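What follows is a short report on a single structure.
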Amino acid sequence: MNKYKSDFLNRAVERGFVHQCTDMESLDAQAADDIVIAYIGFDCTAPSLHAGSLVSIMLLRLLQQTGHKPIVLMGGGTTKVGDPSGKDDTRKLLDHEAIAVNMKGIKQVFEKYLKFGDGPTDAIMVNNAEWLDELQYLPFLQNYGRLFSVNRMLTFDSVKSRLEREQPLTFLEFNYMILQAYDFVELHKRYGCSLQMGGSDQWGNIVNGVDLGRRVDGKMLFGLTTPLLTTSSGAKMGKTADGAVWLNNDMLSSFDYWQYWRNTEDADVGRFLRLFSEIPTDEIAKLEALQGAEINDAKKILADHTTALCHGAKAARDAREAAEKTFEQGQVATGLQTVDLPKQDLQGGMAAFELLVRAGLSKSNGEARRLIRGGGARLNDAVISDETQTIGSQDISKNGTLKLSAGKKRHVLIQPRS
């Protein structure tokens, strides 16, 4: 039996998206009767978002699917300040050109998950630099600064935790929560936005926006947060030992993306299927109940669905086929990441550690040497025992490639070219 009147909240709660809400009952009533316009902000600190942002992205998708309107707020202005939430150090400040490049890359992500357009529930993308870049300092302080209590601001986790760890917090960063609150007020004035959503680390910033809207315009605004996700072993979502799990194909291949989800910990399969796929929850219950080796089938289904959403159905099928050939059938799969290398470089031979670096499997010669000494490097599925082993044209397989591996999960095909 549904607990809420609105389809949006029933499904959001059922699938595990809801952590806190400023007024669940009133938000539910509005979502049951009207189109709710809601936003989530994304600062432009990198040229792509990573899998850690997927909870927010999927929540916007669910919002749209249940008949409401998403706003994707690009932080062209707030990126110049830097959000202190969850950070020990001040973020590196980016110039206008770097922010523009990053924003262009991030925009590509949302086109995969949301329908944009001019319709009542079509998503729109807005840049907060439109209003933040035009603010005049003294008038802004007079109109809005007086409505914020420094005493209260010091109690929010984004500030409090930094101070407790005796890490420096700049005055620039301290202003971030004021600007985020002002974003909410502006979005309400311009678009009728009444709901701000975000991760639970944004709770203080979101509550500030709700309060500011009430103080300035007497409006009822809402805030809703999602749980901050870690894996069952405590690892941060969207990060691996090899780096971030990027959502743009030019920064992470669909094969590696599929592999990330295929390697989900057993205890996380059901939770991740609810959040990151659109499989009905009764089917998910059956999948997460699988035991032993059978749970791997559920992991493949998770990888299929997440990859299809991010990279397309064909890329997901190709990634699965390549993975099964590589890990289950011992074949060299053509779907693996390919690195071109001039034939002449291989004709004379190349030290194994050097080739690992050229293939992108190690960041430095020292790291490559350590990988080989630890038994973690393979050439055509055979362990490389000597870091100075010469690899050359004699090692090219019948299909015209070399297969290099770092550990059990990272594989590259070296493609000699003229």
Side-chain angles (χ1 to χ4, degrees), residues 2-4 6-25 27-28 31 36 38-43 49-66 68 70 72-73 83-87 109 113 155-158 160-161 177 180 184 195-210 222-240 244-245 247 260-261 264-281 284-285 287-288 298-299 302 305-306 309-310:
N2 291 335
K3 181 178 179 180
Y4 300 98
S6 65
D7 189 25
F8 169 62
L9 284 181
N10 275 315
R11 290 175 58 182
V13 170
E14 179 186 35
R15 300 190 78 95
F17 283 102
V18 178
H19 179 67
Q20 289 173 293
C21 183
T22 55
D23 188 340
M24 200 75 147
E25 185 177 349
L27 175 59
D28 184 38
V36 171
Y39 89 95
I40 299 178
F42 299 86
D43 279 343
L49 298 176
H50 59 66
S53 298
L54 266 182
V55 174
S56 292
I57 295 170
M58 291 299 290
L59 181 57
L60 286 174
R61 181 178 172 89
L62 178 62
L63 178 90
Q64 186 173 52
Q65 289 176 335
T66 52
H68 304 286
V72 177
L73 181 66
D83 183 1
S85 301
K87 297 291 180 181
V109 173
Y113 293 91
T155 68
F156 288 122
D157 286 343
S158 60
K160 185 179 178 181
S161 59
M177 67 177 72
Q180 183 169 330
F184 200 177
L195 172 62
Q196 180 182 177
M197 304 185 293
S200 59
D201 61 334
Q202 296 294 314
W203 178 250
N205 293 339
I206 291 173
V207 168
N208 268 330
V210 172
F222 303 98
L224 184 150
T225 61
T226 59
L228 282 185
L229 286 191
T230 58
T231 66
S232 294
S233 62
K236 191 172 182 180
M237 273 295 298
K239 301 281 188 177
T240 69
V245 182
L247 303 182
Y260 171 75
W261 296 104
T264 293
E265 296 173 33
D266 292 2
D268 293 326
V269 171
R271 182 169 52 134
F272 288 0
L273 280 167
R274 288 182 181 86
L275 290 169
F276 305 123
S277 83
E278 292 168 342
I279 298 172
T281 53
I284 292 173
L287 290 170
E288 68 180 331
K299 293 179 184 180
L302 170 65
H305 281 256
T306 53
L309 280 171
C310 189

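Because the structure is predicted, anything quoted here is derived from the model rather than measured.
Interatomic distance, I40 CD1 to L63 CG, rounded to the nearest 0.5 Å: 8.5 Å. One distance of note links CG of N205 with CD of Q180; it measures 4.0 Å at 0.5 Å rounding. To the nearest 0.5 Å, atom OG of residue S53 and atom CG of residue L60 are 11.0 Å apart. A distance of 7.0 Å separates CD of Q65 from CE of M58, quoted to the nearest 0.5 Å.
The nearest pair of heavy atoms linking W261 to L302 is O-CD2, 3.9 Å. Residues S200 and T225 share a closest heavy-atom pair of CA-CB, 3.8 Å. The minimum heavy-atom distance between R15 and L273, with the atom names listed, is NH2-O, 3.4 Å. The two atoms that bring N10 and K3 nearest to each other are OD1-N, 3.1 Å, heavy atoms only. Of all the heavy atoms in H68 and A31, the pair that sits closest is CE1-O, 3.2 Å. Between A51 and G238, the shortest heavy-atom distance links the atoms CB-CA, 3.7 Å.
Side-chain contact between V36 and F8 is absent, with no heavy atoms from C-beta onward closer than 4.5 Å. Between L229 and F272 the shortest side-chain heavy-atom distance falls below 4.5 Å. The shortest distance between side-chain heavy atoms of C310 and Y113 falls below 4.5 Å. V55 has its side chain out of reach of M237: every pair of non-hydrogen atoms, C-beta onward, lies at least 4.5 Å apart. At a threshold of 4.5 Å between non-hydrogen side-chain atoms, the residues L275 and F17 count as touching. With a 4.5 Å cut-off on side-chain heavy atoms, L54 and L247 count as touching. Taking 4.5 Å as the limit, every side-chain heavy atom of I206 sits out of range of all side-chain heavy atoms of Q20. Looking at L224 and L9, their side chains come closer than 4.5 Å, going by heavy atoms from C-beta outward.
Defined by atom type and a distance below 3.5 Å, a donor-acceptor pair is missing between the side-chain atoms of Q196 and Q202.
Of the possible polar contacts, none joining the R61 side chain to the I57 backbone as a donor-acceptor pair under 3.5 Å is found. Remark: the backbone N or O of G223 is paired with a side-chain donor or acceptor of T22 at under 3.5 angstrom.
Tested against K299, the residues D266, T264, D268 include a single side-chain hydrogen bond (donor to acceptor under 3.5 Å, both in side chains) partner, D266.
Under a 4.0 Å N-O distance rule, the pair R11/E278 does not qualify as a salt bridge.
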- request: Given side-chain contact (heavy atoms from CB on, under 4.5 Å), test V269 with L287 step by step and report yes or no.
  value: CA-CA 8 Å; V269 171; L287 290 170; 5.5 Å; no
